Amino acid sequence: MKRNLLISTLCLLGLLLGSGAATAQDKYNFSAAFSAGLGGPLDADEPDPGIGNTSFQGLFSWITQPRTRVGVRVGQIDMGDELIGNIFDPELLYATISGEYRFQESTYQSGVFLGLGIYSLDGANDDDSSLGLTIGFTGDFPVADRWSILAELAGHYADLEGAQAFATLHVGVSYHF
């Protein structure tokens with residue numbers, strides 16, 4: 001329940017920041033994406049579940065200025081029947097809001113983002129939550145007028161039990177409207 005309230009609050013905060021008008025370079029103000037990939041802790045105590053765990057992420061972003069976006073990401077890393085600290089069968093859930101700067105390359109857009117988030121490491125026997133930071137790189141490769149392939153590499157830092165640094169690599173589809 002508290003996780004849903006925190007995610008809803010983060011999304012509402014992002015919407016309150018407002019959206020600027022579309023620029024001549026961008027035909028659409030908003031993007032929604034879903035991606036899957038790999039992720040995990042970079043600094044977990046032994047036994048280390050590694051970074052090859054299943055990960056999913058949803059993204060909603062909007063243009064605020066030329067080449068500048070605000071993005072809300074909600075994701076999960078499922079680390080299976082492992083142990084991180086005292087947490088058995090851990091699953092990292094996160095919701096972040098970040099600013100992103102995009103560069104127009106010859107056939108795609110690359111970008112870098114930095115933001116704040118809410119992180120929760122939930123397990124079968126315990127859980128731990130914390131505020132944290134995210135930083136990452138993105139590539140947006142158009143395949144049709146409103147559709148593109150989105151690739152992201154991100155790092156996450158949160159003061160959680162047993163691990164503080166996490167990494168994710170996602171590839172998915174993005175719809176622009």
Side-chain angles (χ1 to χ4, degrees), residues 1-17 31-62 64 68-102 111-140 150-174:
M1 180 66 177
K2 72 177 182 179
R3 186 177 325 125
N4 292 339
L5 179 61
L6 293 174
I7 291 171
S8 299
T9 303
L10 191 62
C11 291
L12 181 59
L13 174 64
L15 290 174
L16 291 176
L17 292 176
S31 295
F34 178 78
S35 57
L38 301 173
L42 299 173
D43 63 345
D45 299 332
E46 290 296 327
D48 184 356
I51 59 171
N53 304 291
T54 305
S55 180
F56 299 98
Q57 179 176 272
L59 164 66
F60 179 77
S61 67
W62 59 95
T64 57
T68 307
R69 296 173 177 260
V70 171
V72 175
R73 291 169 174 81
V74 178
Q76 166 189 351
I77 304 171
D78 186 358
M79 290 165 267
D81 294 333
E82 298 289 336
L83 186 66
I84 294 182
N86 294 327
I87 300 176
F88 175 72
D89 193 19
E91 180 179 85
L92 180 72
L93 304 168
Y94 61 89
T96 65
I97 185 164
S98 56
E100 181 176 348
Y101 188 80
R102 292 272 180 112
V112 61
F113 61 88
L114 176 66
L116 301 172
I118 300 167
Y119 294 85
S120 179
L121 188 59
D122 294 343
N125 61 331
D126 200 2
D127 62 24
D128 188 18
S129 297
S130 176
L131 295 177
L133 303 170
T134 184
I135 186 169
F137 304 96
T138 186
D140 198 349
L150 184 68
E152 284 189 358
L153 174 63
H156 305 270
Y157 175 83
D159 189 19
L160 298 169
E161 180 183 336
Q164 289 79 40
F166 295 84
T168 55
L169 174 64
H170 289 115
V171 176
V173 295
S174 182

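Note that the coordinates shown come from a computational prediction; the quantities given were computed from them, not determined experimentally.
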* **Sidechain-backbone polar pair: Ser55 side chain, Gln76 backbone, donor-acceptor under 3.5 Å** => yes

* Asked: When rounded to the nearest 0.5 angstrom, what distance separates OG1 in Thr54 from CD1 in Ile77?
  -> 10.5 Å

* Check: Asp89 side chain, Ala124 main-chain N or O, donor-acceptor pair, under 3.5 Å -> no

* Asked: Excluding sequence neighbours, so at least two apart, what forms salt bridge (charged side-chain N to carboxylate O under 4.0 Å, His left out) with Asp140?
  -> Arg102

* With a 4.5 Å heavy-atom cut-off, do Thr96 and Phe113 have their side chains touching? -> no

* CD on Glu100 to CH2 on Trp62, rounded to 0.5 Å -> 11.5 Å

* Step through the shown structure and confirm whether more than 12 heavy atoms of other residues, nucleotides or ligands are within 6.0 Å of CD1 on Ile51. => no

* Search all heavy atoms of Thr134 against all heavy atoms of Ala154 and return the closest pair with its distance. => OG1-CB, 4.3 Å

* Asked: Is the closest side-chain heavy-atom distance between Ile118 and Leu131 below 4.5 Å?
  -> yes

* Please name the residue in the list Glu152, His170, His156 that meets the side-chain contact (heavy atoms from CB on, under 4.5 Å) test with Arg73. => Glu152

* When you measure from the side chain of Asn125 to the backbone N and O of Asn86, does any donor-acceptor pair fall under 3.5 Å? -> yes

* **Rounded distance [0.5 Å steps], OG in Ser129 versus OH in Tyr94** => 15.5 Å

* Within the side chain of Asn53, is there an N or O that forms a donor-acceptor pair under 3.5 Å with the backbone of Gly39? -> yes

* Structure fact -> Between Gly80 and Pro90 the two heavy atoms that sit nearest each other are O-CD, 3.7 Å

* State, with a plain yes or no, whether a side-chain heavy atom of Leu121 is found less than 4.5 Å away from one of Asp127. => no

* Structure fact -> Paired with Met79, the side-chain contact (heavy atoms from CB on, under 4.5 Å) test is passed by just one of Ile84, Asp48, Ile87, namely Ile84

* To do: Could you tell me which non-hydrogen atom of Ala165 sits nearest to which non-hydrogen atom of Asp43, and how far apart they are?
  => N-OD1, 3.1 Å

* Looking only at heavy atoms, which two atoms of Pro41 and Pro49 are closest? And how far apart? -> CG-CG, 3.7 Å

* Gap between atom CG of Leu133 and atom OG of Ser98 - 0.5 Å precision -> 11.5 Å

* Structure fact -> Output for pair (Asp128 CG, Leu92 CG), nearest 0.5 Å, gives 10.5 Å

* **Pairing residues for Phe88 by the ring pair (Phe, Tyr, Trp, His ring centres under 6.0 Å) criterion, not counting sequence neighbours** => none

* To do: Can you measure from OG1 (Thr168) to CG (Leu38) and round to the nearest 0.5 angstrom?
  => 9.5 Å

* To do: Would you indicate whether the side-chain heavy atoms of Tyr157 and Tyr119 approach each other to under 4.5 Å?
  => no

* Check the surroundings of atom CZ in Phe137: do more than 12 heavy atoms from other residues, nucleotides or ligands lie under 6.0 Å from it? => no

